[in-house]
Amino acid sequence: MSVFIPRSNKNTSRASEYFLKLSTELDMDKYNLPKYKELYLLASFQAMHDTDLAYYVIYQKCAANAQSKDQLLNCITQEAMLNFKHPDCFDERNFRTFLLKALGELEKQLKAGILDYLFV
């Protein structure tokens, strides 16, 4: 006779792994390479850095708060309300703009059910 035990703990690590993978793919260490030192003077390079940094921060926060879809949505809502200043960004306004954009994209995907497979 087979005994079926319902899973009380869904695969919560799948969502965390997904967001950690996204943050790793951004490869923030590339900005520390000596060959890019001269590029730091360019506004376009600084904007690219701040954009990547904003997405990196959000993906890290999502990975830490991806135990459930509701918890992740709550984290996104709270992050949008915070006035977070990152010490490594060049332009706070640009960083904040892309931070909010990343949060909006994730919230839209979560509410539309696009990322539901991460919580099954």
Side-chain angles (χ1 to χ4, degrees):
M1 178 175 166
S2 298
V3 177
F4 294 99
I5 301 173
R7 286 200 281 175
S8 60
N9 186 8
K10 295 178 182 177
N11 189 1
T12 58
S13 65
R14 185 185 298 173
S16 292
E17 289 171 3
Y18 172 77
F19 289 110
L20 285 175
K21 180 181 177 230
L22 290 176
S23 69
T24 303
E25 287 175 354
L26 287 172
D27 188 23
M28 293 304 293
D29 291 334
K30 68 184 172 202
Y31 293 103
N32 296 327
L33 296 174
K35 66 181 181 180
Y36 290 140
K37 292 299 178 195
E38 291 180 18
L39 295 176
Y40 273 108
L41 302 174
L42 299 174
S44 59
F45 187 80
Q46 292 175 1
M48 184 174 69
H49 172 270
D50 288 350
T51 302
D52 283 352
L53 184 61
Y55 277 86
Y56 178 81
V57 166
I58 292 306
Y59 292 152
Q60 289 288 312
K61 297 246 180 179
C62 286
N65 293 287
Q67 287 76 24
S68 70
K69 182 177 175 179
D70 289 335
Q71 186 173 353
L72 189 53
L73 281 168
N74 187 34
C75 171
I76 288 171
T77 302
Q78 289 179 3
E79 286 298 317
M81 290 188 287
L82 292 175
N83 193 6
F84 176 68
K85 297 177 183 176
H86 199 283
D88 295 338
C89 72
F90 290 99
D91 182 359
E92 288 180 31
R93 194 172 355 146
N94 188 40
F95 174 78
R96 181 76 179 150
T97 299
F98 282 100
L99 188 82
L100 292 173
K101 181 179 179 187
L103 290 169
E105 290 172 358
L106 288 172
E107 182 178 29
K108 184 178 178 182
Q109 290 176 358
L110 285 166
K111 287 184 176 180
I114 296 171
L115 299 177
D116 282 355
Y117 71 95
L118 296 173
F119 302 100
V120 179

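The distance from the OG atom of S68 to the CG atom of L118 is 12.5 Å, given to the nearest 0.5 Å. Between the CD1 atom of I58 and the CD atom of E105 there is a distance of 11.0 Å, given to the nearest 0.5 Å. Note that the CG atom of L73 and the CG atom of L110 stand 5.0 Å from one another [nearest 0.5 Å]. With values rounded to the nearest 0.5 angstrom, K61 atom NZ is found 13.5 Å from L106 atom CG. D70 CG to C75 SG: the interatomic distance, rounded to the nearest 0.5 Å, is 13.0 Å. Distance CD/Q46 to CG/L39: 10.5 Å, rounded to 0.5 Å.
Taking the six-membered ring for Trp and the full ring otherwise, Y40 and F90 have centroids separated by under 6.0 Å.
Nearest approach of E107 to T77, heavy atoms of both residues: OE2-OG1, 4.5 Å. Taking every heavy atom of both residues into account, Q60 and L20 meet most closely at NE2-CD2, 3.9 Å. Here the closest heavy-atom approach between residue Y56 and residue S23 is recorded as CD1-O, 3.5 Å. Minimum heavy-atom separation, L53 to C89: CD2-N, 3.8 Å. D50 and F95 make their closest contact through O-CD1, 3.7 Å (heavy atoms, listed as atom of the first residue, atom of the second, distance). Considering every non-hydrogen atom in both F19 and A66, the closest pair reads CD1-CB, 4.4 Å.
Counting non-hydrogen atoms of other residues, nucleotides and ligands closer than 6.0 Å to NZ of K37 gives a total above 12. Remark: E38 CD is loosely packed, at most 12 non-hydrogen atoms of other residues, nucleotides or ligands lying under 6.0 Å away.
L103 and M81 sit in two unconnected hydrophobic clusters of ILVMFWY residues. Membership requires side-chain heavy atoms under 4.5 Å apart, directly or through other members.
In this structure, Q67 and L72 have side chains that are not in contact, with every pair of non-hydrogen atoms separated by 4.5 Å or more. At a threshold of 4.5 Å between non-hydrogen side-chain atoms, the residues H49 and M28 count as touching. By the 4.5 Å heavy-atom criterion applied to side chains, K101 and Y55 are counted as neighbours. With contacts defined as side-chain heavy-atom distances shorter than 4.5 Å, the pair L115/Y117 qualifies.
Here the side chain of D52 pairs no donor or acceptor atom with the backbone of L26 at under 3.5 angstrom.
Remark: K21 does not engage E17 in a salt bridge, criterion side-chain N to carboxylate O under 4.0 Å.
Residues forming a salt bridge (Lys or Arg N to Asp or Glu O under 4.0 Å) with D116 (at least two apart in sequence, or on another chain): K69.
Ring geometry for F45 against Y31 counts as perpendicular: the plane angle is over 60°, on a 0 to 90° scale with 30° as the lower cut.
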